[in-house]
Amino acid sequence: MNDEEQEIEYKWWLEQKSDTSVKWQTLSHKGVVFPPPYVPHNIPLVYSGQKLLLEPPAEEIASYFAQMLDTDYMKNPVFIKNFFREFQIILRECSSRHTIEEFSKCDFTLMYEHFQRIKEQKKAMTKEEKDKLKKEKEAIKASYGVAFLDGRKEKVGNYTIEPPGLFRGRGEHPKTGCYKRRVQPEDVTINIGKDAQIPEPPAGHHWKNVIHDSTVSWLAMWKDNVNDNFKYVFLAPGSSLKGQSDMKKYEMARNLKGCVDSIRKTYTADLRNKDMAIRQRATALYLIDKLALRAGNEKSDDEADTVGCCSLRYEHVSTEEPNILVFDFLGKDSVRYFNAVPVDDQVFKNIKIFKRPPKTHNDDLFDRLNTTVLNKHLQSLMPGLTAKVFRTFNASITFQDELRKHTPKDGTLQEKLSAYDKANRRVAELCNHQKGVGKSHESQMEKMQDKVLSLKYLRRRYIEQLRQVEPKMKRKKAELFEADPELTDDWILKYEIAITKKDRERIVNKFDKENAERKQNKEKALLKSDLKERLGEVIAKEKLLEKGKIPSVKDFPPMKRNATADKLLEYIAKTDDRIKTAKLQMEDKDENKTMALNTSRLNYLDPRITIAWCKTFNVPVAKRFSATQREKFRWAMDVDPDWEF
DNA sequence: AGCACCACTTAGGAGGCAAAAT
DNA sequence: ATTTTGCCTCCTAAGTGGTGCT
């Protein structure tokens, strides 16, 4: 941000704005960027062993498929089926008599390899080439990435039209693999101020429509051909418009804080209501409040089968006496929600009632309830209250409580930050925010386990030395001499072989280097016998290891020469600590691998909690909010250290 | 009540880039 | 110096929830 912009920064959050239905008085922008047109590469498809050159439109869709050859989508028969059907449609559009009838006879690898080469070329670009590309991108951003709202400069979020490709539906989406066709200017509606200059559509084209609707915030809109969904171009998350609604969302959640006690009382009473519709409503609300479940709108058959609270079915909740509910269902994005929780006795009874025969598999658990009914009721308890407010409220309040409980006042920065992460993780857990486990996770965990074992081994060797220094210890400190089942002889052998190999390499390398230096300085070279001498200990160890004999700790030189028993006990205690931290790190990593902290930080945690916390505990905000997050949360930056959610 | 339609927030993954590890 | 890792940004799918009509 330059000085000029800083001077005129509009602090909208200092103003009282009541009417949010009108979003702007004037609005101007440059419209949208279209992805570059398709450029044919003339790489053939191999069909039944025959090279087949495709017409450009067919080549294009085939290329989108070829580029996904190394993804898991290839294992999804629905994806393949949908793609192939649409591929054939395009083929037919190109020529009435194409010969491609069977997917199994198609070989896309030539195209795949072509795109791999392109990827590599892109990687191998020189710095200048990359810089040039970057500059071009920035130039586009400077014009299309900016809008003027009531005369103020604002960033636009997604000003590029989504490029064509194969629809990547998540989970078991029935339409995954369908062809997402190229969006034409004729598909796009522009929303812009009456007096603003209408953006020029690409040459030879026209917009579908140009409107001047100040009650909506979008700048452009089109409909996606696969799911018939609306796609919008909005302002960026850091814009005033988005900021205002973000702040409004958290203010609504804080409002709920004020009346949640009475709402809880009400629904707790309603759990026993004779009217089953009310009883279902109360039970669902209990779950939404306690477990932060999503509302659960109805979905159609051409979407993935996922559910939220109101759409839970018979098979998604099971009961375990005396009061445990076991949830197992796919939620948003087909993320599994699996949780066994003890619940209020009446809730437990109710669920059993709602599951009574003739209700069975596939039937709605809450057959008398949907999100509209629920939200109507919530509206009557508090203006503006809907099911999703509970998620925001519970996430933020949990976060604030956890932070207060666990931040060490006099801790180090690192300790404070990990207290923050811990609180953040609690929320991610509550909201079931997960992420996929990366390919390398297992090997990373193995590495860490190796580190733990090597520390344990070190500990064992200290103990052995201790025994040698003071044999009495074996009786006096018997607990030290207990065998650790994790530290197996097999592992020790492998470990010793590995470090001995490394030791040898290190010594040989150093030797070679020294000799090279000597050569340059015209000095006498070191002899083979010198090397042998240096390798003395290594060679002795190698001999032992070669025999396949599992070495005894006694066979190695002491860890700390001339150490006293007291000193050794100290080392052992220190190693114990290191083992503990390494294990903790491991557990931390394992948990963090599946837990997405950012989703809650971005969407559920009132940023003012974080900012106030940072101010109170003297933590730089940048430690937990990235640059874009700081921009998004600018409205929260001025908050007092003692601000409370 | 049930729908079609619309506008907006929330979500995980891909990919790029810089820092850390080797 | 190169590879690995981890974080950030971008992308767009997948939710929520409102309105207006029948």
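Quick note on labels: first sequence line is chain A, next is B, and so on, each numbered from 1. The figures here come from the full heavy-atom set of this structure, side chains too, leaving out hydrogens, waters and symmetry mates.
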Quick one: do A/Glu86 and A/Lys180 make a salt bridge, cutoff under 4.0 Å?
no

Heavy atoms only, 4.0 Å cut-off, all strands: where does A/Lys332 land among base, sugar-phosphate and nothing?
base

Name the nucleic acid region contacted by A/Glu631, choosing base, sugar-phosphate or nothing; use a 4.0 angstrom heavy-atom cut-off, strictly under.
nothing

Once you apply a heavy-atom cut-off of 4.0 Å, does A/Lys141 come out as touching a base, just sugar-phosphate, or nothing?
sugar-phosphate

Expected list for residues 226-234 of chain A near DNA chain B, using heavy atoms below 4.0 Å, is A/Phe230, A/Tyr232, A/Phe234

Within the structure shown, what part of the strands sits under 4.0 Å from A/Gln434 by heavy-atom distance: base, sugar-phosphate, or nothing?
sugar-phosphate

Test of understanding: with ring pair (Phe, Tyr, Trp, His ring centres under 6.0 Å), list the residues that count as partners of A/Phe234, not counting sequence neighbours.
A/Tyr232

Look at all strands and tell whether A/Ala304 reaches a base, only sugar-phosphate, or nothing, counting heavy atoms closer than 4.0 Å.
nothing

Which ones in residues 288-297 of chain A lie close to DNA chain C, meaning a heavy atom under 4.0 Å from one of its atoms?
A/Arg294, A/Ala295, A/Gly296, A/Asn297

List the atom pairs, with distances to 0.1 Å, where a side-chain N or O of residues 185-192 of chain A and a protein N or O form a donor-acceptor pair under 3.5 Å, not counting sequence neighbours.
unit_1	atom_1	unit_2	atom_2	d
A/Glu186	OE1	A/His205	ND1	3.0
A/Glu186	OE2	A/His205	ND1	3.0
A/Glu186	OE2	A/His206	N	3.1
A/Asp187	OD2	A/Gln184	N	2.7
A/Asn191	OD1	A/Asp213	N	2.7
A/Asn191	ND2	A/Asp213	O	3.1
A/Asn191	ND2	A/Trp218	O	3.0

Which residues pass the ring pair (Phe, Tyr, Trp, His ring centres under 6.0 Å) test with A/Phe633, not counting sequence neighbours?
A/Phe625

By a strict heavy-atom criterion of less than 4.0 Å, which residues belonging to residues 161-168 of chain A are in contact with DNA chain C?
A/Glu162, A/Pro163, A/Phe167, A/Arg168

